[in-house]
Structure formats: C-alpha cells, structure tokens
2 protein chains.
Amino acid sequence: MDTNPSDTTGLPANVLDPDCPSRVIFQRIGDKWASLVVQVLADRPVRFSELRKMVSVVTPKVLTQTLRSLERDGLVTRTVHAQVPPRVDYELTDLGRSLLEPLAQLRKWAEGNVPAILAARDAYDDAQDEALLG
Amino acid sequence: MDTNPSDTTGLPANVLDPDCPSRVIFQRIGDKWASLVVQVLADRPVRFSELRKMVSVVTPKVLTQTLRSLERDGLVTRTVHAQVPPRVDYELTDLGRSLLEPLAQLRKWAEGNVPAILAARDAYDDAQDEALLG
DNA sequence: AGCTATCAGTATCAAATAGATACCGTCTTT
DNA sequence: AAAGACGGTATCTATTTGATACTGATAGCT
C-alpha cells in the first residue's frame with residue numbers, strides 16, 4: 001500500500017490527499033440524499049414521483065440535483081419513456097449496485113450503535129445546559 | 001425486520017423515516033470532514049494543530065465544529081492538558097473505533113471503483129459539452 | 001522590560017448549498 | 001372547458017461552509 005514519507009498516521013497517503021479516491025467516495029456518500037436514493041433504488045427501477053414520496057422530505061429541486069449527480073457518476077441511469085403523462089425511471093447501474101454492500105454494512109453498524117450516539121447527545125446537551133445554568 | 005405496511009421497496013422502514021438510525025449515521029458520515037477525522041484518529045490521540053496539518057485544507061472553525069459534533073456524539077474525546085502552550089488531544093472512544101471497520105470497507109470499495117466514477121464524470125461532461133456546441 | 005513565538009481556538013464576513021414555494025408544458029380524462 | 005398526472009424548472013430565502021483576521025496565556029530570548 002502506497003504511503004507518503006512524511007506520513008505519521010499509518011493511513012494510506014491517499015486519504016489525506018484532497019484528490020484521492022477515498023475523498024471522492026466520502027463526498028459521494030456524504031451527500032445528504034445520495035446514499036438514501038441509492039438504497040431506495042436497490043431492488044428495482046423507480047420513477048421520479050415515487051422517489052419523492054419515498055424520500056418524503058426532499059424537495060424536487062434537490063432530488064433532481066441528487067439524481068443528476070448520481071447519473072454523472074455512472075451510479076444511476078435515467079430512462080425517459082415516451083408516454084403521457086411522462087414516465088422517467090431511475091435505476092442503479094452495476095457500479096451503483098456494487099455500492100449497496102458497503103452501505104449495508106454501514107447501516108448494520110448504525111442499527112447497533114445509533115442508540116449509543118443518541119444517548120451521548122442527550123448527555124452532552126444536558127451537561128451543556130447545566131454549565132449554562134450554573 | 002420491521003417493515004412499513006405501505007412499503008414498496010423491500011427496505012426496512014426505518015431507512016425512509018426521517019428519525020431513523022440509518023439516517024442519523026448517514027448524516028454523520030455525510031459530514032464532509034467527520035469521517036476523515038475519524039480515520040486520522042484511528043491509531044493514536046492527535047492534537048488540534050496536527051489535525052489541521054493532516055486534513056490540510058480544513059479551516060480551524062470548521063475543524064472545531066467537526067470535533068465538537070463528534071464529541072457530542074460520543075465518538076471522540078477531548079482532553080485538555082494544563083500546559084503552556086496548550087495541548088488538546090482528540091482520541092477515538094470505543095464507539096468511534098467501532099466505526100473504523102465499516103469505513104474501511106467503504107474505502108476499499110472506493111479504491112477499486114473511483115476510477116470508474118471519474119471516467120463516468122469525464123464522459124458525462126464531454127457529452128454535455130457536445131450537446132451545447134451542437 | 002519588551003518582542004516574538006506556540007497553541008487552540010473565536011469573530012466576522014462572504015460564498016456556496018439546501019430548501020420552500022410557485023409555476024410550466026403536454027396530454028388525458030371528465 | 002376544466003382539472004389532473006407527471007417531471008421537472010424558476011425564484012427567492014435560510015442555512016452551512018469557508019477565508020481571513022484576531023485573541024489570550026505564557027515561555028524564551030535579547
């Protein structure tokens with residue numbers, strides 16, 4: 001594994017390099033809606049209006065932006081059916097599907113550990129309140 | 001696994017619920033700097049100024065915000081040493097350390113697949129340019 | 001005594017991003 | 001003729017992110 005000579009972390013150099021693959025993917029996952037959309041598309045093509053319902057709070061503008069960027073990255077395809085009313089299906093590519101497994105791992109971690117995170121938040125916020133009130 | 005009766009996705013209901021654990025963690029990972037910081041802290045405590053150097057482009061304000069939120073979530077501890085000049089160490093908690101494995105999986109995926117993503121981007125952008133220029 | 005440096009941040013302001021809300025064009029159904 | 005389905009776009013506002021400058025405590029040097 002390729003390392004940077006001034007590296008003191010033991011991590012591969014690329015995680016710390018702004019142009020590295022890992023940062024690209026963490027940005028991708030980091031997108032507020034992208035990973036959710038990928039998971040909603042897991043099983044079958046889904047049309048725009050269905051996505052809106054499923055990812056209930058997202059606005060159409062932001063959903064469009066999310067889908068366009070997933071399409072640009074080759075994770076999702078967009079298929080327009082010449083019908084009226086229009087029908088546009090979004091579907092995972094093979095590349096997109098390959099992301100499902102690491103995402104599932106993360107979700108599994110979440111299911112086990114998010115309660116601890118929420119508890120930590122409550123404890124932290126209580127401590128902050130105490131500090132303010134004296 | 002608990003499902004929603006109106007669910008048409010096959011996903012566990014919680015991924016689509018705004019208050020669900022999975023969303024909490026995807027927000028957490030989604031934070032632009034948080035997952036990077038967690039990985040930088042993987043092996044040992046690191047002080048503030050070191051973090052700044054390692055995650056080179058982050059501004060101090062944003063790094064502070066990131067660290068505070070990781071601390072609030074119980075993923076990182078902050079230890080102030082009464083010295084001059086001051087020394088503040090950040091270190092992963094057990095909970096934080098447990099996140100390293102799923103993150104490593106994601107990084108592994110990234111290393112294999114980011115080239116394909118970058119290629120897709122180039123192809124997409126070229127196609128856009130063509131469409132504009134006629 | 002005064003000057004400079006180290007460290008861990010804040011304060012202030014500008015820029016980029018996300019979100020709310022309203023609207024559009026095409027066709028079908030009523 | 002009116003209303004509705006669908007897949008968006010346009011416009012404006014609110015929130016988040018980022019750039020830059022600055023602070024306070026102390027140590028070491030001159």
Side-chain angles (χ1 to χ4, degrees), chain A residues 8 16 18-19 23-24 26-37 40-41 44-73 76-91 124 128 131-132, chain B residues 8 16 18-19 23-24 26-37 40-41 44-73 76-91 124 128 131-132:
Chain A
T8 52
L16 303 174
D19 298 329
R23 284 220 186 168
V24 172
F26 284 116
Q27 290 272 76
R28 191 66 286 183
I29 300 302
D31 184 291
K32 185 163 181 181
W33 301 109
S35 53
L36 200 52
V37 167
V40 168
L41 298 180
R44 59 180 181 87
V46 178
R47 59 198 298 187
F48 190 84
S49 54
E50 282 182 291
L51 275 167
R52 276 192 72 184
K53 279 170 214 146
M54 293 161 85
V55 188
S56 50
V57 293
V58 73
T59 63
K61 190 191 78 172
V62 173
L63 182 56
T64 299
Q65 286 172 350
T66 302
L67 288 166
R68 291 285 186 280
S69 75
L70 289 172
E71 195 191 355
R72 180 169 103 106
D73 284 358
V76 158
T77 56
R78 175 172 180 273
T79 310
V80 180
H81 301 277
Q83 302 180 355
V84 169
R87 173 190 189 96
V88 180
D89 281 333
Y90 291 92
E91 186 172 12
Y124 185 93
Q128 293 300 93
L132 282 176
Chain B
T8 53
L16 302 174
D19 297 328
R23 284 219 187 168
V24 172
F26 284 115
Q27 290 271 78
R28 191 65 286 183
I29 300 301
D31 184 290
K32 185 164 180 181
W33 301 109
S35 53
L36 201 53
V37 167
V40 168
L41 298 180
R44 59 179 180 87
V46 178
R47 60 196 298 186
F48 190 84
S49 54
E50 281 182 291
L51 275 168
R52 277 193 71 183
K53 280 170 213 147
M54 294 161 87
V55 187
S56 50
V57 293
V58 73
T59 63
K61 191 191 78 172
V62 173
L63 182 56
T64 299
Q65 286 171 351
T66 302
L67 288 166
R68 291 284 186 281
S69 74
L70 289 171
E71 195 191 354
R72 181 168 102 107
D73 284 357
V76 158
T77 57
R78 176 172 180 273
T79 310
V80 181
H81 301 277
Q83 301 180 355
V84 170
R87 172 189 192 96
V88 179
D89 282 333
Y90 292 91
E91 186 171 13
Y124 186 94
Q128 293 301 93
L132 283 176

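If you take CD of A/Gln27 and C1' of D/dT17, they are 12 Å apart, rounded to a whole angstrom. Atom CD of A/Gln65 is separated from atom P of D/dG8 by 13 Å (rounded to the nearest Å). Between the P atom of D/dC6 and the CZ atom of A/Phe48 lies a distance of 12 Å, rounded to the nearest Å.
The two residues A/Phe26 and B/Ser35 have their closest heavy-atom pair at CD2-OG, 3.6 Å.
The distance from the CG atom of B/Leu51 to the CG atom of B/Leu67 is 6.0 Å, given to the nearest 0.5 Å. Here the CZ atom belonging to A/Arg44 is positioned 11.0 Å from the CD atom belonging to A/Glu91, to the nearest 0.5 angstrom. Within the model, atoms NZ of B/Lys32 and CG of A/Asp31 stand 12.0 Å from one another, a figure rounded to the nearest 0.5 Å. The structure places CG of B/Leu63 at 9.5 Å from CZ of B/Arg68, a figure rounded to the nearest 0.5 Å. Taken from CD in B/Glu50 to OH in B/Tyr90, the straight-line distance is 12.5 Å, to the nearest 0.5 Å.
Here D/dG8 is the nucleotide among D/dG8, D/dA21, D/dA19 with the atom lying nearest to any side-chain atom of A/Pro60.
Boundaries of the chain B contact region on DNA chain C are C/dT6 to C/dT12, first to last in 5' to 3' order (nucleotide atom under 4.0 Å from a heavy atom).
Within the 4.0 angstrom heavy-atom criterion, only backbone atoms of the sugar-phosphate kind lie near A/Arg47; the bases stay farther away. Residue B/Lys61 is classed as a base contact, given a heavy-atom separation below 4.0 Å to a base.
When the nearest nucleotides of DNA chain C are assigned to B/Thr64 and A/Trp33 by heavy-atom distance, the more 5′-ward of the two goes with B/Thr64.
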Checklist entry - After noting the C-alpha distance and the side-chain angles of B/Asp89 and B/Arg47, does the key distance pass the side chain to side chain contact (heavy atoms under 4.5 Å, CB included) rule? => result CA-CA 4 Å; B/Asp89 282 333; B/Arg47 60 196 298 186; 3.6 Å; yes

Checklist entry - Are B/Tyr124 and A/Asp73 close enough, and set up right, to give a side chain to side chain contact (heavy atoms under 4.5 Å, CB included), and what steps lead you there? => result CA-CA 8 Å; B/Tyr124 186 94; A/Asp73 284 358; over 6 Å; no

Item to check | Check against side chain to side chain contact (heavy atoms under 4.5 Å, CB included), B/Val55 and B/Trp33 | outcome: CA-CA 8 Å; B/Val55 187; B/Trp33 301 109; 3.6 Å; yes

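The side chain of A/Arg68 places an N or O atom within less than 4.0 Å of a non-bridging phosphate oxygen (OP1 or OP2) of D/dT9.
Within residues 76-89 of chain A, the residues having any heavy atom closer than 4.0 Å to DNA chain C are, in order of number, A/Val84.
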